[in-house]
Trainee: 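Structure provided below as C-alpha cells; questions to follow.
A, B, ... follow the sequence lines: proteins, then strands. Residue 1 opens every chain.
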Amino acid sequence: MALIDTINPLLTTGWAKGDAGWSLKDYEARGGYAQLKRILSSKMSQDDLIAEVKKSVLRGRGGAGFPTGLKWSFMPKAAPEKYVVCNTDEGEPGTFKDRDLLRFDPHSTIEGMIIAGYAVGAKRGYNYIHGEIFEIYQRFEEALDQARAAGYLGNNILGSDFSFDLFAHHGWGAYICGEETGLLESIEGKKGQPRFKPPFPANFGLYGKPTTINNTETFAAIPFILGMGGEAYLNLGKPNNGGTKLFSVSGHVNRPGNYEVPMGTPFAKLLEMAGGMRGGRKLKAVIPGGSSAPVLPADVVMECTMDYDSIAKAGSMLGSGAVIVMDETVCMVKALERLSYFYFEESCGQCTPCREGSGWLYRVVHRIEHGEGRPEDLDLLNRVTDNMMGKTICALADAAAFPVRSFIKHFKSEFEYHIEHKKCLVDPDVQRAGSGFFSASATAGTV
Amino acid sequence: MVEIEIDGKTLEVAEGSTIIEAAHQLGTYIPHFCYHKKLSIAANCRMCLVQVEKAPKPMPACATPVTKGMKVFTHSDLAVKAQKAVMEFLLINHPLDCPICDQGGECQLQDLAVGYGESASKYEEEKRVVPDKDLGPLVSTDMTRCINCTRCIRFTAEIAGFMELGQSYRGERAEVMPFIGKTVNTELSGNIIDLCPVGALTSKPFRFSARTWELSRRKSVSPHDGLGSNLIVQTKHDKVMRVLPLENEDINECWLTDKERFSYQGLSSSARLTKPMVKQGGQWVEVDWSVALDYAAHALRDVAKTHGGAAIGGLLSPHATLEEMYLAQKLLRGMGSENIDFRLRQSDFSADGHRRGTPWLGMKIADIAKLDRVLVVGSFLRKDHPLLAQRLRQSAKRGAQISVLHSADDDLLIKLTARAIAAPSQLPALLGQVVKAVCALKGTASDTALAAVTVSAEAQAIAQSLASGSDGGSAVLLGNFAQQHPQAATLQALAGQLAAALGGRFGFLGEAANSVGGYVGKATPGAAGLGAAAMLKDPRHAYVVLGAEPEFDCADGAQALASLGKAAAVVVLTSFKSQAMLDYAAVLLPVSPFSETSGTFINTEGRVQSFFAAAKPLGETRPAWKVLRVLGNLLDMPGFEFNSSEDVRSEALAGKPDFVSGLDNGIDLAELNLNTSINGVERVADVPIHFADALVRRAPSLQQATDSAAPTARMNAATLGKLGLVAGDRARVGTGGAATVTLSAELDTGLPDGVVRIAAAHADTVALGAMCAVLSVEKA
Amino acid sequence: MNNQYDMLSSESLRRIDREVAKYPADQKQSAVMAALVIAQDEKGWLAKETIAAVASYLGMAPIAAYEVASFYNMYDLNPVGKYKLTVCTNLPCALSGGVHAADYVKQKLGIDFNETTADGKFTLKEGECMGACGDAPVMLVNNKRMCSFMLPEQIDKLLAECK
Ligand SMILES: Cc1cc2nc3c(=O)[nH]c(=O)nc-3n(C[C@H](O)[C@H](O)[C@H](O)COP(=O)(O)O)c2cc1C
Ligand code: SF4
Ligand code: FES
C-alpha cells in the first residue's frame with residue numbers, strides 16, 4: 001500500500017513510483033543526499049546544524065512529540081563514543097507509516113541518520129526494525145549497501161573527515177522494544193525491558209554510551225528540513241507544531257493508508273482524504289494517535305485539527321499519528337477488550353503494577369464482554385488504572401490504562417448495558433458486517 | 001555532598017546517592033523488595049515509591065538520585081497511596097497461605113502486607129500458577145510465590161559471576177528460572193535463599209523442619225576456610241537446624257558460601273561419635289569418660305616412658321579452635337614432644353625457622369577493595385576462597401587488574417588481565433620470571449638466582465599489569481596450592497620479592513579456619529621437632545590426632561594411614577568416627593564440633609573471633625578444650641588449671657586483642673629452589689570444596705551438589721593424546737608403587753601439558769598418596 | 001568438550017558471523033536475536049539445545065539466550081508446521097476483518113490458534129499489531145513474508161500455494 005493522497009508532499013515525494021522508486025539512484029534523482037553533501041562540503045558546524053533543526057520545531061514522530069533539535073543538543077560534546085539509533089519498531093496498533101517510509105524511500109531515513117550522526121558526533125548508528133516487516137529490513141540492508149558503495153557511509157564520507165557507519169538490527173515480536181530504552185536493551189542482545197531513567201540515553205544509551213534515538217519519520221524529515229530551511233518547515237504547519245506529518249488511517253474508512261498532511265489539518269479533511277466512512281456509515285469514535293491514546297467520540301474529534309496541541313486539548317494525544325476510525329458497527333466493549341489484551345500480552349513484566357495490572361484489566365473487560373460483568377466492575381477498572389498510572393518504569397502501564405479510562409468515560413452506557421444485559425448493545429450481525437470481510441470486493445483497499 | 005530533606009528532616013548525603021540510601025542514613029525505612037544494597041538497581045517492584053516535591057509522579061526511592069534541595073516525603077498521602085497500590089498488585093497473584101509457607105514469619109512480603117495491604121483483595125480472577133524448578137539439592141522453589149523482584153537473578157550474574165537464573169517469557173507470564181534442565185551450581189547459591197524476599201526460594205535441607213519463631217539463635221564463626229565468616233546458628237532442642245550469615249561488612253559482607261551454610265547437616269550425621277570408645281583386645285567397646293581418659297593418658301605415658309617424648313606426634317586439624325590447639329601442644333610438649341603440627345597439607349617445611357612471623361593475608365580483608373593490581377599465585381580461588389574470589393570479582397568490575405599464575409586455568413568468573421599456567425614443577429621459575437620482569441620494569445636489581453631465567457610472554461604480561469598499578473595498590477596472594485607446593489618456601493620468597501619490587505603487599509590466603517591461629521597457638525614443631533609430613537614419613541610410636549582425618553587432611557593420605565596403622569597408640573579426639581579410625585586408633589574421644597563448644601578462630605587477616613556453643617554437646621560429647629585439660633591433669637602436668645575456654649584464650653593470646661600481633665610474611669631464605677626436573681605426569685591436586693574437612697564431608701545435601709562429583713583424571717588434549725586416551729576412557733593411575741586407582745579420563749583445556757589433575761581428600765584417590773607427585777597414567 | 005554449536009550448519013554460522021560483525025567487537029551478544037532467527041530458520045524451531053548452541057557461539061549464558069528466545073514472540077520454542085500463519089487480530093485489523101480472517105483460516109484448516117494441522121503443514125498463531133494496519137487483514141507466513149488484504153479469496157489462494 002502506497003500513499004493515497006497528500007497535501008504537501010515531503011516525506012512522501014519518493015513514494016509516487018511505489019516499489020519502483022526506492023533505490024539510491026531514484027533518491028539522488030529526487031535531490032537525495034544533497035543536504036549531506038552540502039553539510040560536509042561547507043563544514044557546517046554542529047551547533048548551526050542543531051540550531052536549524054530547532055528552528056523547524058520538528059517534534060519527535062515516535063509518539064511523545066519531544067522537540068528533536070533540543071534532544072540532539074543534550075548529547076555530551078566530549079564523549080569519544082556515541083551512537084545514533086533509529087526507532088522503526090512501530091508496534092503501536094494503528095501505526096504503519098515507518099514501514100512505508102523504509103519501503104518506498106529508505107534513503108531519506110539513512111541520510112537523516114547520517115546528518116544526525118554528524119550533528120551529535122556519533123560514528124555509528126543502528127536502525128531497529130521490527131521483525132514483522134522482515135522484507136523491509138532486507139530492503140533497508142540493501143539500501144545501506146548502496147549508500148556504503150556510494151561513499152555516503154563508512155570512513156571519511158565524501159572525502160570529509162567525518163566517518164559514520166550504519167547497520168540494521170531487527171526485532172522479533174515485542175511491542176515494548178518501541179520504548180527507547182527497551183529498544184537499546186534489545187540491540188544489546190537482551191530482553192527488551194525498559195531502563196529506569198535517569199540516566200537518559202543522551203548520557204547512558206547503547207552500550208552505556210551517549211545515544212540519540214529518534215523515530216524513523218523524525219530522521220526522514222531531516223533532509224527536507226535542511227533543504228527548505230527550518231523556518232519554512234515550521235511554517236508548513238502551525239506554531240509549535242512544525243511541518244507535515246504522516247497519518248496512518250485505519251479502520252472503517254474507504255481508503256485506509258498513510259496520508260501526509262501539514263500539521264493542523266482538520267480531522268474532517270483527513271477523513272475525507274481517506275475516502276470517508278466505509279459504506280457511508282456513521283462515525284462513532286476515533287483513536288487519534290495510536291492505540292494508547294484516549295479514544296475521542298465522533299463529535300469531539302470532528303472539531304479537532306491534526307496537531308499535538310489540538311488533540312491534547314480534546315483530551316487525547318497525537319502520539320504516532322495512527323488514526324483508528326470506528327463506525328457505529330463497533331461494540332466499544334469488544335474493542336476495548338482487544339486493546340486490553342494487547343497491553344496484557346505486551347507488558348514486559350518487570351514493573352509490578354504493569355505486570356499484574358495489565359492482566360487484571362484485561363480479565364475484567366473480558367468478563368464484561370462475555371456477559372459476566374458486575375456493576376462494581378467499572379469502578380474497579382478505574383481504580384486499577386489509577387493504581388497503574390505513573391508508577392512504572394516506562395509508559396506502557398499508562399498506555400494500558402488510557403484506553404480503559406477513556407472508553408469507560410465516553411461510552412459508559414455501552415459498558416453498563418453489557419453488564420446489565422450480558423450482551424452487546426450493537427447487534428452481532430451488525431458488528432459482523434462492519435469489517436467488510438465476508439462481503440468484501442477484491443478491490444477494497446487497493447492502491 | 002548535597003543537602004536534602006526527608007520527611008522534614010534535613011541531612012547531607014553524598015552526591016549520586018539514591019533516596020533510599022539517604023533515608024537509610026536517617027534511619028527512615030522505605031518499603032522495598034527489589035532493592036538490595038549489594039546488587040544493581042532494578043527498580044522493578046515499585047514498592048519504594050515516595051513523593052518528591054515538584055515531581056508529578058511518585059518516584060522509586062531505590063533508583064532516584066538525590067538532587068540539591070530535594071524534598072522527599074515517604075509517608076505523604078501520595079506516597080502511601082502508591083505503596084498500597086503496589087502492595088495490592090503484588091498480592092493479587094500471590095498465594096495467601098502464609099501459615100503453610102516455609103518463609104512464614106520471616107517474609108518481607110508478609111511483613112509489609114500487614115502495613116500496606118488491604119484486608120480483602122478486590123481481585124476475583126483466576127490466580128497465576130507457576131511451575132516449580134529444580135535448582136539442585138540446596139534450594140527449594142515455590143515459584144508461584146515469586147514476585148519477580150529479580151534479586152536472585154542479579155545475584156548469580158553479579159555476585160556469583162555467572163548468570164544461572166533468568167526471567168523468561170514476559171508480562172504476567174514472566175518466570176524466574178534456570179536454563180531448561182540446569183540447576184544452580186554456584187558455590188554461593190544459598191545466598192539466593194536469603195535474598196528472596198518471599199517464600200519462592202527456600203532452603204531445601206531446612207524445609208518445613210521448623211518455624212522461625214521456634215528457633216534459638218546464637219552468633220558463631222564459620223569453621224571452614226580462613227575468612228572466618230560470621231554466622232547465626234539456629235537451633236531447636238539443641239539441634240542445629242539452620243545456619244545464616246551474620247552480616248559483617250569487613251569479613252563475609254552479607255554472604256555465605258554453600259559450604260558454610262549447609263555443612264551443619266554434618267553435625268547430626270550418623271557418623272557422630274557420641275561415646276568414648278577404647279579398643280580392647282582388638283574389640284571396640286564404649287566406655288565411660290574416666291575409663292577412656294585413663295586409657296589415653298596411660299597409653300601416651302607408656303610410649304613416652306619407653307621411647308621418649310619424641311616418639312609421640314601430634315596432628316592437629318587447622319579447623320580446631322585456638323584453645324584446642326594451644327592445649328594440645330601444651331600437652332604434647334608436656335610429654336616431651338616437639339612433634340606438633342596443624343599444617344597437615346603442607347609438604348615443604350623449609351621455611352620453618354626462617355619466617356619473621358605468622359603468615360597471614362598481609363592486609364585487612366576489607367582492604368582488598370583498595371587494590372588495583374592483584375596476582376593470585378597457586379590457588380583454586382573460586383572453590384578454596386569463594387568469598388574472597390567474590391571480592392576480587394567486584395574489584396575487577398571496578399577496573400582492578402587481576403592476574404593468575406597457577407597450574408590450572410579454572411574459570412574464576414573474574415575478568416582476568418593476564419594469566420600464566422604451567423605444571424607445578426615450573427611454577428617457581430614462572431614466578432621468578434614475573435619477579436625478574438617487574439624488577440626490569442621498575443629498574444631495580446632482581447635476585448641473582450634469577451639470572452638464568454628467561455621471561456616468557458605470559459610472565460611479561462603479568463609483570464606489565466602489576467607494574468602499571470598505583471603506589472601501594474598491588475598485591476601478590478599465595479593460595480592453598482602454592483602453600484601446599486613442594487617448593488612452597490621458594491614461592492613464598494619470590495612472592496615477597498615481587499611485592500617488594502612493586503611496593504605492594506604480599507599475603508597468604510588462609511586455607512582453614514585457624515590457619516593463623518595454629519601459629520598463634522604454637523601448634524607448630526619446635527626446633528628439634530618434626531612437622532606434619534616428617535612425623536608421618538618417619539613413623540612415631542604414638543599419635544594424638546585432634547579433629548583431623550589424616551587420610552584426607554594430610555599431604556599424603558596413604559602414608560598417613562600407613563604410619564598411623566603401625567603406631568602402638570593413636571589417641572583420637574574427634575566428632576566423627578570412621579572405619580579408618582576404628583582401624584588405627586586405640587582410643588576415640590568424642591569432642592564437640594564448633595557448634596557445641598566455645599572457642600576462637602583467628603582468621604586470615606589475624607582477627608580474633610571467639611564464639612560460644614550454640615547447642616549442648618551431643619550425647620557424651622565434650623568440648624575438646626575440657627578433654628585436653630583433664631588429660632593434662634591426669635598426666636599431672638602443671639599449667640592446666642583452666643576454668644573456661646576464655647582462660648585458655650587469655651593465656652594463648654596474652655589477653656584478648658582484636659587482632660593478633662606477630663603477623664609477618666617475611667622470610668629469610670638462604671637460597672631459592674627453582675629447579676626441579678620431572679620425569680612423568682605431574683599430579684595437580686585440588687581439595688574439592690565439599691571435601692575439605694570432616695564436617696563438610698558429612699553434609700548430605702552438599703555431597704549431592706555438582707561440586708561434589710567423584711574425582712576424575714583430567715588432562716589437556718595433548719596429554720590425553722600422548723597417553724593414548726580419549727575423554728571418557730577409564731585411566732589407570734599409578735604411583736610407581738603397588739597402588740593404582742582407576743578413574744575416568746576427562747578433557748580439561750585449562751591444564752598445562754604433562755599434567756593430570758586428580759582431586760585429593762577423597763576416598764577414591766587416597767591410595768594415590770602425595771598431593772604433589774609424579775604419576776603413571778595409562779588406559780585401563 | 002565438543003563445541004555445542006557444531007549442531008548449526010556452517011552456512012548458519014557464516015550468517016551469524018555476518019551479524020556479529022555489525023556490532024563492536026566486545027558486544028557479540030547483540031547478534032543473539034538475529035542468530036536465533038537464523039537457527040530457527042535452519043531447524044524449524046528453537047529446541048533448548050539449539051538455544052544453548054547459539055549462546056555458546058556468542059559466549060553468553062544459556063539462560064540469557066533463553067530469556068531472549070522466550071521474550072520475543074516470533075521465536076518458536078515448540079515445533080511448528082511447515083507453514084506458520086500468524087494472523088493479526090489487533091483492533092485496527094479487526095475493524096477490517098482481521099478476526100474474521102482468522103476464523104476463516106481456522107475453519108478451513110480445522111485448527112484453532114496455537115494448533116498444527118494433523119499433516120504437520122500448517123500452524124496457526126494469533127499475532128499482535130504488525131505495523132501494516134492499512135492493509136488489513138494481514139497475515140505473516142513463516143515470520144518473514146507479509147500478506148496483505150487477506151480476504152477469503154486471497155486466503156484460499158495462499159493456502160493452495162502452500163505445498
Ligand atoms: C510502550 C512504548 C512504545 C513505544 N513504541 C514506539 C515505537 O514503536 N516507535 C517509536 O518511534 N517510538 C515509540 N515509543 C516512543 C519512544 O520511546 C521514543 O520516545 C521515540 O522513539 C523517540 O523518538 P522521537 O523523539 O523521534 O519521537 C514508544 C514508547 C513507549 C513508552
Ligand atoms: S511499565 Fe510495563 S512494559 Fe514498561 S517497563 Fe514496566 S513492566 Fe515493562
Ligand atoms: S525497591 Fe525500588 S522499585 Fe523495588
Trainee: So which of Met326(A), Lys191(A), Arg432(A) has the biggest tally of heavy-atom pairs under 4.5 Å with chain C?
Mentor: Lys191(A)
Trainee: In terms of heavy-atom proximity below 4.5 Å to chain C, should Cys348(A) be classed as side chain, backbone, both, or neither?
Mentor: both
Trainee: Is it the side chain or the backbone of Leu140(C) that comes within 4.5 Å of chain A heavy atoms, both, or neither?
Mentor: side chain
Trainee: Taking Ala174(A), Ser186(A), Gly171(A) one by one, which has the highest count of heavy-atom pairs under 4.5 Å against chain C?
Mentor: Ser186(A)
Trainee: Considering all heavy atoms of both residues, which atom of Cys129(C) and which atom of Phe342(A) are nearest to each other, and what is their separation?
Mentor: N-CE1, 4.4 Å
Trainee: What part of His170(A) lies closer than 4.5 angstrom to a heavy atom of chain C: side chain, backbone, both or neither?
Mentor: both
Trainee: Which one, His169(A), Glu92(A), Gln138(A), Glu81(A), leads in non-hydrogen pairs under 4.5 Å with chain C?
Mentor: His169(A)
Trainee: Quick check on Met60(C) against chain A: is it the side chain, the backbone, both or neither that has a heavy atom closer than 4.5 Å?
Mentor: side chain
Trainee: How would you list, in number order, the residues of residues 106-124 of chain C that have a heavy atom less than 4.5 Å from chain A?
Mentor: none
Trainee: Under 4.5 Å from any heavy atom of chain A, what part of Ala132(C) do you find: side chain, backbone, both or neither?
Mentor: both
Trainee: Can you say whether Arg124(A) sits under 4.5 Å from chain C via the side chain, the backbone, both, or neither, judging by heavy atoms?
Mentor: side chain
Trainee: Of the listed residues (Gly91(A), Ser291(A), Gly131(A)), which shares the most heavy-atom pairs with chain C below a 4.5 Å separation?
Mentor: Gly131(A)
Trainee: Given a strict heavy-atom distance threshold of 4.5 Å, which part of Val325(A) is in contact with chain C: side chain, backbone, both, or neither?
Mentor: backbone
Trainee: Quick check on Leu339(A) against chain C: is it the side chain, the backbone, both or neither that has a heavy atom closer than 4.5 Å?
Mentor: side chain
Trainee: Which heavy atom in Ser30(C) sits nearest to a heavy atom in Ile187(A), and how many Å separate them?
Mentor: OG-O, 2.6 Å
Trainee: Quick one: of Met150(C), Met130(C), Gln27(C), who has the most non-hydrogen atom pairs under 4.5 Å with chain A?
Mentor: Gln27(C)
Trainee: Check whether Ile136(A) gets within reach of chain C through its side chain, its backbone, both or neither, counting any heavy atom under 4.5 Å.
Mentor: neither
Trainee: Do the non-hydrogen side-chain atoms of Phe437(A) and Val99(C) ever get within less than 4.5 Å of each other?
Mentor: no
Trainee: Got Lys22(C) and Glu141(A) here, is their nearest side-chain heavy-atom distance under 4.5 Å?
Mentor: yes
Trainee: Please check: side-chain N/O of Tyr72(C) versus main-chain N/O of Gly192(A), any donor-acceptor pairing under 3.5 Å?
Mentor: yes
Trainee: Report which part of Ile287(A) has an atom under 4.5 Å of a heavy atom belonging to chain C: side chain, backbone, both, or neither.
Mentor: side chain
Trainee: Quick one: which of Glu90(A), Lys97(A), His252(A), Gln193(A) has the most heavy-atom pairs under 4.5 Å with chain C, could you say?
Mentor: His252(A)
Trainee: Measuring only between side-chain heavy atoms, which start at C-beta, is Arg99(A) closer than 4.5 Å to Asp135(C)?
Mentor: yes
Trainee: What is the minimum heavy-atom distance between Pro92(C) and Ser250(A), and which atoms define it?
Mentor: CB-OG, 3.6 Å
Trainee: Could you state the interatomic distance from CZ (Arg338(A)) to CD (Glu128(C)), rounded to the nearest 0.5 Å?
Mentor: 4.5 Å
Trainee: Quick one: what part of Thr89(C) sits under 4.5 Å from any heavy atom of chain A, side chain, backbone, both or neither?
Mentor: both
Trainee: Quick one: of Asn143(C), Asp26(C), Leu91(C), Thr86(C), who has the most non-hydrogen atom pairs under 4.5 Å with chain A?
Mentor: Leu91(C)
Trainee: Taking side chain as everything from C-beta outward and backbone as N, CA, C, O, which of these in Ala64(C) sits under 4.5 Å from a heavy atom of chain A? Side chain, backbone, both or neither.
Mentor: neither
Trainee: Tell me whether the count of non-hydrogen atoms from other residues, nucleotides or ligands lying under 6.0 Å of NZ in Lys123(A) goes above 12.
Mentor: no
Trainee: First locate atom CG of Leu95(C), then atom OG1 of Thr329(A), and finally report the distance between them rounded to the nearest 0.5 Å.
Mentor: 7.5 Å
Trainee: Tell me every residue that passes salt bridge (charged side-chain N to carboxylate O under 4.0 Å, His left out) with Arg14(C), counting only those two or more places apart in sequence or in another chain.
Mentor: Glu11(C)
Trainee: Just to verify, what does Gln431(A) make a side-chain hydrogen bond (donor to acceptor under 3.5 Å, both in side chains) with, not counting sequence neighbours?
Mentor: Lys334(A)
Trainee: Do you know which of Asn90(C), Val32(C), Val138(C) has the most heavy-atom pairs with chain A at a distance under 4.5 angstrom?
Mentor: Asn90(C)
Trainee: Atom CZ in Phe438(A), atom CG in Asp103(C): separation rounded to 0.5 Å?
Mentor: 6.5 Å
Trainee: Can you say whether Pro137(C) sits under 4.5 Å from chain A via the side chain, the backbone, both, or neither, judging by heavy atoms?
Mentor: side chain
Trainee: Is it the case that the ring center of Tyr23(C) lies less than 6.0 angstrom away from the ring center of Tyr207(A)?
Mentor: no
Trainee: Using every non-hydrogen atom in the two residues, find where Gly189(A) and Val68(C) come nearest and quote the distance to one decimal.
Mentor: O-CG2, 3.4 Å
Trainee: Only pairs of heavy atoms separated by less than 4.5 Å count here; which of Tyr341(A), Tyr137(A), Tyr175(A), Trp172(A) has the most with chain C?
Mentor: Trp172(A)
Trainee: How close do Phe96(A) and Gly131(C) get, heavy atom to heavy atom, and via which atoms?
Mentor: CB-O, 3.1 Å
Trainee: Can you confirm whether Arg145(C) sits close enough to Glu135(A) that some side-chain heavy atom of one is under 4.5 Å from a side-chain heavy atom of the other?
Mentor: yes
Trainee: Once you round to the nearest 0.5 Å, how far does CD of Glu67(C) lie from NZ of Lys190(A)?
Mentor: 10.0 Å
Trainee: Check Thr95(A) against Cys133(C) and note the closest heavy-atom contact, atom names and distance.
Mentor: N-SG, 3.9 Å
Trainee: List for me each residue that meets side-chain hydrogen bond (donor to acceptor under 3.5 Å, both in side chains) alongside Lys28(C), sequence neighbours excluded, and say none if there are none.
Mentor: none
Trainee: Would a 4.5 Å heavy-atom cut-off, applied to side chains only, mark Met74(C) and Glu132(A) as touching?
Mentor: yes
